[in-house]
Amino acid sequence: MSSEAATGAMSGLRVIDLTRVLGGPYCTQILADHGADVIKVEPPAGDEVREWGPPFHEEDAAYFVGINRNKRSIGLDLASEGGRVVLLKMLETADVLIENFKPGTLEKWGIGNDVLSKKFPRLVHCRICGFGADGPRGGNPGYDAIIQAMTGMIAATGSPESGPMRIGVPLVDITTGLYAAIGILMALSERQRSGQGQFLETTLYETGLAIMHPHTANYFMHGKPPSLTGNEHPNLVPYAIFPTKTDNIFIGVGNDGTFRKLCKEIGKPELGTDPRFARNKDRIANREALRAELAAVFSQHEAEPLCNRLLAAGLPAGPVQKIDQALTNPHTIARGDIIEKDWYKGVASPIRLDRSKPSLRRLPPKFSQHAAEVLGEFGYAKAEIDAMVENGTVCGPERKR
């Protein structure tokens, strides 16, 4: 990702971001990396993720820093009438509004989608929430780990020894942010044809269900919930971690031809034609016997050279690395996957467009850092801004704790 100012595919798009925590900010950082003008509107206490540390840079947690670059921040009390007046002024030139309030909150303030869609017919209004507004759990709050639990994710993760386990990254929150970004782009594409904006909703619950592949497909086919297989795959063998002389490696085989090629490459071609292992369904039935055969071979090799050789042969294999190893890996460096500016360091956008390149233009903002700048762009005079700060409608740099 370039650190220079660049046009970006989303250049000219204005996004008013009322979201907090993870899914929404992750979505808007995707848009911001690619040139969108994202104005992060924070409540008087700020986005609570600023507090989710250590570690911290000054008063902002790494958790916040990692998902809020390329944005401008303004603290605004939307619970006040004056704050809502400012928001409506900002929406006059906005393309996208994204929020993750509990369903009904904007309606309570008199600025629900029924009002906004009439006032701003070209506005794309995206809501991220836990369960949606209707259904038995409509309006309930949603949290990544709870959704993992409720959608079968935790029950399908872990080994017989460990029992059910939470996935170690906030997968539901992050994927909901990705779906929100996709939905926004779809709505903007449709707007080019119709001239009309629309309301869209992504929920943590539906995201959790949607990413449970292949477990949902398997269940619909045979009616059985998944068992705990640890690092093994329910549908493919071998697809697991194996120890070597140095570190663990992961081997993933997707078809019978690849398996035979793997066997030949490791000096055991006979395993590829062994009736116990010749077809994937045979390998599943004889999973433990095959694991023992492969483990005996891999234990004679060092992880990195073995994986390099297998990958060069077109075989899926990789060393099991810790995060520091992944971030300093020569391939990571060569691809420019780490971006830096002043004190900031982060992972670059993985969306690589040939002409419309992403860029790192702004560091993650301090709370309400850009209030005067943003309000000035919307026609507010300095005296008006000072008065709004004085009466608490607009927040100064100090958060209300």
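Hydrogens, waters and symmetry mates play no part in the numbers below; they use all other heavy atoms, side chains included. None of the values given here were measured: they were computed from a predicted structure.
- Between the side chain of Thr244 and the main chain of Phe298, no donor-acceptor pair closer than 3.5 Å is present.
- Among residues at least two apart or in separate chains, salt bridge (Lys or Arg N to Asp or Glu O under 4.0 Å) pairs with a member in residues 228-248 are Glu232-Arg287, Glu232-Arg291.
- Remark: side-chain polar atoms of Arg84 are paired, donor with acceptor, to backbone N or O of Leu78 under 3.5 angstrom.
- One finds a salt bridge joining Arg72 and Glu377 here, because a Lys/Arg side-chain nitrogen approaches an Asp/Glu carboxylate oxygen to under 4.0 Å.
- Using modelled atom types, no side-chain atom of Asp95 and backbone atom of Val124 make a donor-acceptor pair closer than 3.5 Å.
- Here Leu200 contributes atom CG and Arg127 contributes atom CZ; the two are 10.5 Å apart, rounded to the nearest 0.5 Å.
- The backbone N or O of Asn280 sits less than 3.5 Å from a side-chain atom of Asp256, completing a donor-acceptor pair.
- When atom types are taken as modelled, the side chain of Thr207 and the backbone of Thr203 share a donor-acceptor pair closer than 3.5 angstrom.
- Of all heavy-atom pairs between Ala348 and Ile339, the closest is CB-CG2, 3.7 Å.
- A centroid separation of 6.0 Å or more is found between the aromatic rings of Phe250 and Phe242.
- Taking the ring centre of Phe259 as origin, the terminal cationic atom of Arg283 falls inside the region bounded by 6.0 Å and 45° from the ring axis.
- Between Arg276 and Asp282 there is no salt bridge, since no side-chain N of the basic residue sits under 4.0 Å from a carboxylate O of the acidic one.
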Set out, in order, the CA-CA distance, both residues' side-chain angles and the distance that settles salt bridge (charged side-chain N to carboxylate O under 4.0 Å, His left out) for Arg50 and Asp60, then state yes or no.
CA-CA 5 Å; Arg50 290 182 182 273; Asp60 294 326; 2.9 Å; yes
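- Ion pairing between a basic and an acidic side chain is recognised when a charged N comes within 4.0 Å of a carboxylate O; Glu270 and Lys268 show such pairing.
- Without hydrogens or angle criteria, Glu190 side chain to Gly197 main chain gives no donor-acceptor distance under 3.5 Å.
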Using atom types as modelled, flag every donor-acceptor pair under 3.5 Å from a side chain in residues 154-169 to any protein atom, sequence neighbours excluded.
residue : atom : partner : partner atom : Å
Thr157  : OG1  : Met153  : O            : 2.7
Ser159  : OG   : Glu161  : N            : 3.3
Ser159  : OG   : Glu161  : OE1          : 3.2
Ser159  : OG   : Ser162  : N            : 3.0
Ser159  : OG   : Ser162  : OG           : 3.3
Ser162  : OG   : Ser159  : N            : 2.8
Ser162  : OG   : Ser159  : O            : 3.3

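- Atom CD of Glu59 has 12 or fewer heavy atoms from other residues, nucleotides or ligands within 6.0 Å.
- Between the Gln369 side chain and the Ser73 main chain, no donor and acceptor come within less than 3.5 Å of each other.
- The list of side-chain hydrogen bond (donor to acceptor under 3.5 Å, both in side chains) pairs with a residue in residues 210-228, not counting sequence neighbours, reads Asn218-Asn235.
- Summarising the local packing, OH of Tyr380 is surrounded by more than 12 heavy atoms from other residues, nucleotides or ligands at distances under 6.0 Å.
- Qualifying side chain to side chain contact (heavy atoms under 4.5 Å, CB included) partners for Phe120, counting only residues two or more places apart in sequence or in other chains: Leu88, Leu91, Glu92, Leu116, Leu123.
- Within the model, atoms CG of Asp37 and OG of Ser11 stand 9.5 Å from one another, a figure rounded to the nearest 0.5 Å.
- To the nearest 0.5 angstrom, Thr151 atom OG1 is 7.5 Å from Tyr205 atom OH.
- Residues Pro25 and Arg20 form no side-chain contact, since every pair of their non-hydrogen atoms from C-beta on lies 4.5 Å or further apart.
- Under a 3.5 Å cut-off, the side chain of Glu107 and the backbone N or O of Gly112 do not form any donor-acceptor pair.
- Between the CG atom in Asp77 and the CD atom in Glu42 there is a gap of 13.5 Å [rounded to 0.5 Å].
- Within a 6.0 Å radius of CZ in Phe101, other residues, nucleotides and ligands contribute more than 12 heavy atoms.
- Contacts of Tyr63 classified as ring pair (Phe, Tyr, Trp, His ring centres under 6.0 Å), with partners at least two apart in sequence or in another chain: Trp52.
- Taking both residues in full, the closest heavy atoms of Ile67 and Lys71 are given as O-NZ, 3.0 Å, listed atom of the first, atom of the second, then distance.
- For residues 301-319, every residue pair satisfying the salt bridge (Lys or Arg N to Asp or Glu O under 4.0 Å) rule, not counting sequence neighbours, is listed here: Glu265-Arg309.
- Counting heavy-atom neighbours within 6.0 Å of Glu373 CD, excluding the residue itself, gives a total above 12.
- When atom types are taken as modelled, the side chain of Thr175 and the backbone of Val172 share no donor-acceptor pair closer than 3.5 angstrom.
- Electrostatic pairing of Arg361 and Asp33 does not count as a salt bridge here, judged by no charged N lying under 4.0 Å from a carboxylate O.
- In this structure, the side chain of Gln300 does not engage the main chain of Val297 through any donor-acceptor pair within 3.5 Å.
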